[in-house]
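Sequence lines set the chain letters: A, B, ... in the order given, protein chains first and strands last, and positions in each chain run from 1.
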Amino acid sequence: MNDSVLGSLVRRRILFILITGVITIFFFQLFRMQILEQTVYEEKSDENSIKGIIDNPPRGIFYDRNFKFLISNKPAYTVEITPSLYNRKHDEVIEKMLGEDAGYISAIFKKNEKYSEHLPRKIKRDAPFSFIAWLEENQDSLNGVLYRVELQRDYPFGINGAHIFGYTKEIDAVQLKKDKGYYESGDYIGFNGIEKTYESVLRGKKGIVYQVVDSKQKLIGPYEEGRKNILPEKGNDLVLSIDGEIQKLAEQLFVGKIGALVALDPKSGDILALVSSPNYDLSDFSSVTSTDLWNVLSQREDKPLFNRATMGFHSPGSTFKMMIALAALEKGVINENTTITCNGGYQFGNRFFKCTHIHGRVNVVKAIEKSCNSFFYPLVPKIGIENLYKYGSEFGFGHKTGIDIGEEASGILPNLAYYNRVYGKGKWTEGFFISLGIGQGELIASPLQLANYTAMIATGGTIKKPHIVKGYFNEKGEYVEIEFPEIRSSISKKNMDLVREGMYKVVNGEGTATWIRDKDIAIAGKTGTVQNPHGEDHALFIAFAPYEDPKIAIAVIIENVGFGSTHAAPIVKEIIKKYLTSNTPQDFAITEESKAADENKL
Amino acid sequence: MKINYKIQDKFDYWIFIPILILLLMGLIAIFSSTYNHPTAAGNFNRQAFWVGTSLWVMFFIFMLPARTFRLLAIPTYIFSILLLLSVLAIGKTVYGARSWLDFGFIGFQPSEFAKIGTILALAYWLTDKRCDINNYRHLFIAISIGAIPMILILLEPDLGTAIVFAVITLLMIFWSGISLFGLFIVITPPITIFASLFGTTSLLAVLIIIIIILFYFKRNLFTNATVLGVNIAAGFIFDILFKFLKPHQQNRILSFIDPSADPLGSGYNALQAKVAIGSGGFFGKGFLGGNQTQLRFIPEQWTDFIYCVIGEEFGFLGSSLVLLLFSIFLLRIMNLSSIAGNEYGNITVIGILTLFFVHFSINIGMNLGVTPVIGIPLPFLSYGGSSLLVNMILVGMILNIYRNRRHHV
């Protein structure tokens with residue numbers, strides 16, 4: 001078997017090739033990895049050990065029109081436990097101190113068991129301060145138990161404003177998918193109201209704190225002493241047109257009542273107060289939105305979550321009469337001298353439409369003053385439904401005002417198309433229009449729309465889009481006022497003045513609300529009653545003041561109480577008085593004090 | 001006989017100097033990888049102690065009379081086998097393998113010691129006057145000398161070390177002048193086993209090639225049938241052996257066959273090692289400056305993944321230096337395999353060379369991600385007393401053979 005034995009020289013050559021071959025391969029692999037692909041590996045290496053931790057910015061806060069706090073932030077305590085440092089024998093006492101059931105911590109650990117035990121587990125959000133104090137005291141024996149301070153909404157200023165401000169809540173999966181760029185699960189997001197509309201400016205910009213972690217995610221220390229960190233940018237603080245004092249008063253006046261109020265500055269469109277009652281307590285939503293709480297609120301019969309101020313579903317009643325008068329005057333159906341004789345109602349075909357009293361001879365001013373139905377019943381067929389629609393739209397009826405809290409209803413202002421749609425072509429008669437004359441029938445207007453309409457009359461035809469946020473503080477801390485579009489009416493000044501005179505006399509003549517007459521302030525208003533087939537009527541009152549130079553326009557509805565002047569008008573008077581007699585708001589001056597307070601808050 | 005009394009003539013610096021530098025680099029890397037480590041911070045001191053001790057042991061071996069190794073071959077081998085048997089019975093289980101004998105004050109890995117015994121015993125048999133390696137019976141004895149410790153180690157189970165024994169046995173047999181057919185017989189079963197890892201198709205392909213080559217050798221039917229039978233058996237032995245492996249060892253093999261199968265398991269180390277070395281760049285991140293190392297992205301880095309400490313912190317320069325030192329060392333040993341005065345010395349040198357070469361290629365190959373993750377240490381650099389001591393004994397033997405190269409024992 002000595003054929004083809006490998007000679008010693010051949011063996012040596014094979015071995016030499018083997019050794020040098022392997023070393024050459026290694027050398028080229030080293031060259032490829034360390035020279036050619038170095039950057040790729042370096043990136044991977046950095047990814048491994050540098051961990052960006054999101055640094056949440058403080059959410060922008062709300063000031064009122066006088067730069068007083070409406071909503072600020074307060075620290076809340078989040079308790080975390082790092083399993084690798086923690087002794088499980090403390091479970092029981094911690095659960096007890098937090099007011100949780102036995103096994104609470106075990107359950108959280110179990111849920112997170114696939115993560116490194118060096119990563120802290122969130123045990124409790126918004127832990128009670130008593131727990132934090134206890135934790136501080138016993139820190140030495142409670143290894144691995146830490147708390148973090150997070151900011152959450154604070155409502156300490158006696159103003160509820162639930163329907164204005166709205167609340168934030170933990171982002172849900174749907175929203176998260178939509179806004180993937182910014183949010184992560186666990187983030188809080190404006191859910192309704194101003195919080196929602198202005199979410200993108202309120203939230204600020206997240207910062208990143210770079211930490212060096214080891215292979216087990218254990219924190220080693222800051223990366224490059226924090227030089228590479230991205231600082232969070234605080235959200236923009238908003239300045240609301242709301243007057244905190246007026247809002248507070250309005251809320252107090254509505255305690256125990258069902259209804260709504262909208263007060264605004266007729267010239268600027270600034271909403272001074274907005275109440276929808278009953279409301280709910282925002283602070284219940286500031287930490288954890290319990291589903292139970294939400295369910296209770298949403299199922300309550302008086303619907304506290306429903307915004308009656310902007311979503312109102314009632315007819316304007318007699319408060320609509322000025323609209324009819326203006327359209328009639330403008331179309332030449334009547335003039336300032338046109339009179340009728342009110343003998344208790346109006347006969348249309350075989351139907352008699354009732355008036356509240358027998359008013360005798362009335363002109364347009366008197367008809368408004370006395371709220372004479374007989375005067376207004378015949379007008380709509382003469383004006384023409386399309387013309388009423390045209391002028392009504394100028395005053396915002398049937399359209400959303402575009403207010404900057406998301407939820408708003410457009411109400412109803414009918415035109416021909418509307419009747420054709422609802423009743424079918426040819427299946428309705430002009431008789432359907434009669435009750436429109438007194439604001440009943442196919443008309444729905446929210447208190448916001450009524451306030452807006454009042455403002456239009458008050459100013460004589462020029463208002464601005466109603467709004468709640470009037471300005472904000474930019475990144476440099478400078479106040480920036482927002483410009484709002486002007487809305488003009490085509491009604492002549494002369495006709496406006498006639499109607500204004502009527503409204504003045506409602507309070508200051510022999511009208512329906514004379515008993516709220518004030519010796520200092522000239523209030524012009526109009527009562528209204530919305531017929532309620534299910535119970536007591538709803539009381540309405542709209543007003544502006546002072547008569548000569550209107551600074552406030554207001555609309556109030558109180559449900560199920562009866563006649564407008566008795567129940568709604570006094571509230572209006574109080575608000576007006578308070579607003580016009582309190583110190584006139586300084587136009588724009590941030591005092592050093594408010595600025596310092598601002599900084600302290602954040 | 002003329003004897004040169006110059007020290008260069010007695011003592012081979014081409015072997016000693018590279019090893020000294022490698023030992024030093026190993027110490028630096030161990031220091032770095034255990035720096036501030038909660039449990040392994042004492043490893044540097046222990047290793048430093050073992051470096052000192054093993055250098056003395058090396059000199060002691062170096063000074064022994066030329067005959068010693070041949071005389072001690074059989075006793076050492078028998079003692080090795082006894083140790084391996086006892087470790088299976090009473091050994092301590094570390095990382096899933098029963099491979100440590102615990103003497104209380106000191107742990108010891110018999111599989112390391114068995115390397116010396118096996119190399120010496122193989123050299124003894126392969127250079128015995130009675131042995132004709134191209135005689136099947138004698139060949140079988142030679143294979144058995146390597147296979148007995150290998151199987152015992154496989155039972156621990158320590159796949160990496162078993163592979164080392166297999167390669168040492170094969171290479172020593174190859175070196176002892178086996179015929180091409182003999183080599184074919186010896187080498188085909190491992191190839192068949194390897195092919196069977198990749199499925200039936202590759203196994204069948206290899207078996208067909210074996211049949212074709214058998215035709216070329218024109219042996220008798222009985223021989224052909226035997227060779228083919230052994231190979232078919234080898235094709236199935238893997239599946240049987242695979243069941244005996246620990247899950248983590250199964251995973252290692254599977255992740256070699258398909259690296260994407262288990263990226264977070266055994267693939268994790270391989271990936272992190274590559275990241276460590278690659279991110280080191282040309283100059284490295286500096287001593288104690290490697291984030292992969294210092295933040296311990298590679299577990300137990302001071303043992304099998306010591307090379308990536310050097311790769312990360314000392315870069316291309318440091319890692320190339322290691323390659324350079326190893327190539328000087330290995331090629332020098334290869335040269336010595338023909339200067340030795342006797343066949344026994346030569347074949348021993350080849351056995352030792354094979355051992356170092358296999359350790360070197362498997363370890364660095366796995367660090368560089370070119371071979372599967374098989375956990376065997378890098379000689380002279382990895383942390384570990386038993387392995388360092390045995391390696392230095394083997395170096396001592398080479399130096400001794402060099403010193404006595406003119407003795408024809």
Side-chain angles (χ1 to χ4, degrees), chain A residues 1-51 84-85 114 116 118 210-221 223-224, chain B residues 132 134-136 171 174-175 177-183 217 268 271-272 274-282 284-285 290-292 294-299 311-312 315-317 319-320 322-324 326-327 330-331 333-335 337-338 346 350 353-354 357 360-361 364-365 367-370:
Chain A
M1 294 220 295
N2 265 335
D3 58 332
S4 56
V5 170
L6 290 174
S8 112
L9 216 65
V10 183
R11 295 194 304 244
R12 182 177 301 280
R13 193 161 296 158
I14 291 174
L15 201 58
F16 179 78
I17 291 169
L18 209 60
I19 293 172
T20 50
V22 166
I23 290 174
T24 311
I25 291 171
F26 286 173
F27 182 80
F28 278 112
Q29 174 73 352
L30 269 181
F31 184 78
R32 195 167 69 103
M33 284 165 67
Q34 296 188 307
I35 312 286
L36 303 180
E37 295 172 358
Q38 191 227 352
T39 45
V40 180
Y41 288 109
E42 199 163 11
E43 247 170 57
K44 278 190 188 162
S45 161
D46 286 348
E47 262 173 42
N48 262 345
S49 55
I50 300 166
K51 194 177 158 195
S84 60
L85 306 171
K114 64 176 192 284
S116 159
H118 295 289
Y210 289 106
Q211 298 276 18
V212 178
V213 295
D214 74 0
S215 56
K216 300 212 168 84
Q217 298 291 303
K218 188 176 163 194
L219 224 62
I220 302 299
Y223 172 65
E224 295 205 357
Chain B
D132 172 10
N134 289 318
N135 174 316
Y136 293 141
L171 230 102
F174 163 69
W175 203 258
I178 196 168
S179 70
L180 268 184
F181 186 67
L183 186 66
F217 276 117
Y268 170 85
L271 177 73
Q272 294 300 347
K274 281 181 82 171
V275 169
I277 292 173
S279 63
F282 188 78
K285 299 177 188 169
N291 45 343
Q292 290 283 112
Q294 300 305 325
L295 302 171
R296 319 200 202 292
F297 278 88
I298 303 145
E312 187 183 26
F316 184 69
L317 287 178
S319 17
S320 305
V322 173
L323 290 188
L324 180 72
F326 265 108
S327 45
L330 292 171
L331 292 174
I333 302 177
M334 199 190 80
N335 280 334
S337 72
S338 55
N346 282 343
I350 285 300
L353 169 64
T354 311
F357 181 58
F360 164 79
S361 12
I364 293 194
N367 272 273
L368 294 176
V370 293

Visitor: What part of L324(B) gets closer than 4.5 Å to chain A, counting heavy atoms only: side chain, backbone, both or neither?
Guide: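 Contact with chain A is absent: no heavy atom of L324(B) under 4.5 Å.
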
Visitor: Please flag which part of L36(A) lies under 4.5 Å from any non-hydrogen atom of chain B: side chain, backbone, both or neither.
Guide: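 Neither part, no heavy atoms under 4.5 Å.
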
Visitor: For K274(B), which atoms come within 4.5 Å of any heavy atom of chain A: side chain, backbone, both, or neither?
Guide: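 Both parts, backbone and side chain.
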
Visitor: Does a side-chain heavy-atom distance below 4.5 Å link Q34(A) with S320(B)?
Guide: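 When only atoms from C-beta onward are counted, S320(B) and Q34(A) do not touch, as no gap falls below 4.5 Å.
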
Visitor: For F316(B), which atoms come within 4.5 Å of any heavy atom of chain A: side chain, backbone, both, or neither?
Guide: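 Its backbone and side chain both get close to chain A.
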
Visitor: Using a cut-off of under 4.5 Å on heavy-atom pairs, state which of N367(B), V275(B), L331(B), I364(B) scores highest against chain A.
Guide: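 With the most close heavy-atom pairs to chain A, the winner is V275(B).
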
Visitor: Is the closest side-chain heavy-atom distance between I350(B) and L353(B) below 4.5 Å?
Guide: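 Sidechains of L353(B) and I350(B): in contact.
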
Visitor: A side-chain contact here means heavy atoms from C-beta on lying under 4.5 Å apart; do F357(B) and L171(B) qualify?
Guide: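 No, every pair of side-chain atoms sits at 4.5 Å or beyond.
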
Visitor: Please tabulate, for the side chains in residues 21-30 of chain A, all donor-acceptor contacts under 3.5 angstrom to protein atoms that are two or more places apart in sequence or on a different chain.
Guide:
| unit_1 | atom_1 | unit_2 | atom_2 | d |
| --- | --- | --- | --- | --- |
| T24(A) | OG1 | T20(A) | O | 2.5 |
| Q29(A) | OE1 | R32(A) | NE | 3.3 |
| Q29(A) | OE1 | R32(A) | NH2 | 3.2 |
| Q29(A) | NE2 | L368(B) | O | 2.9 |

Visitor: Just so I understand: if I count every heavy-atom pair under 4.5 Å between each of V40(A), T39(A), L15(A) and chain B, which residue has the most?
Guide: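 Top option by heavy-atom pairs under 4.5 Å: L15(A).
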
Visitor: Do the ring planes of F217(B) and F181(B) sit parallel (below 30°), tilted (30 to 60°) or perpendicular (above 60°)?
Guide: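 Aromatic pair F217(B)/F181(B) classed perpendicular.
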
Visitor: Can you confirm whether S279(B) sits close enough to K285(B) that some side-chain heavy atom of one is under 4.5 Å from a side-chain heavy atom of the other?
Guide: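 With C-beta onward as the side chain, the pair touches.
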
Visitor: Measuring heavy-atom distances to chain B, does I19(A) have an atom under 4.5 Å in its side chain, in its backbone, in both, or in neither?
Guide: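 The answer is both parts of I19(A).
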
Visitor: Tell me whether N134(B) contacts the main-chain N or O of I178(B) through its side chain, where contact means a donor paired with an acceptor under 3.5 Å.
Guide: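 Checking the backbone N and O of I178(B) against the side chain of N134(B), no donor-acceptor pair under 3.5 Å is found.
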
Visitor: In terms of heavy-atom pairs under 4.5 Å, which option from G280(B), G315(B), G369(B) contacts chain A the most?
Guide: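 Heavy-atom pairs under 4.5 Å are most numerous for G315(B).
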
Visitor: Relative to chain A, which segment of T354(B) carries a heavy atom at a distance below 4.5 Å: side chain, backbone, both, or neither?
Guide: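 Neither the backbone nor the side chain of T354(B) comes within 4.5 Å of chain A.
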
Visitor: What residue, out of G284(B), G290(B), G281(B), has the most heavy-atom pairs lying under 4.5 Å from chain A?
Guide: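 The residue among G284(B), G290(B), G281(B) with the greatest pair count is G281(B).
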
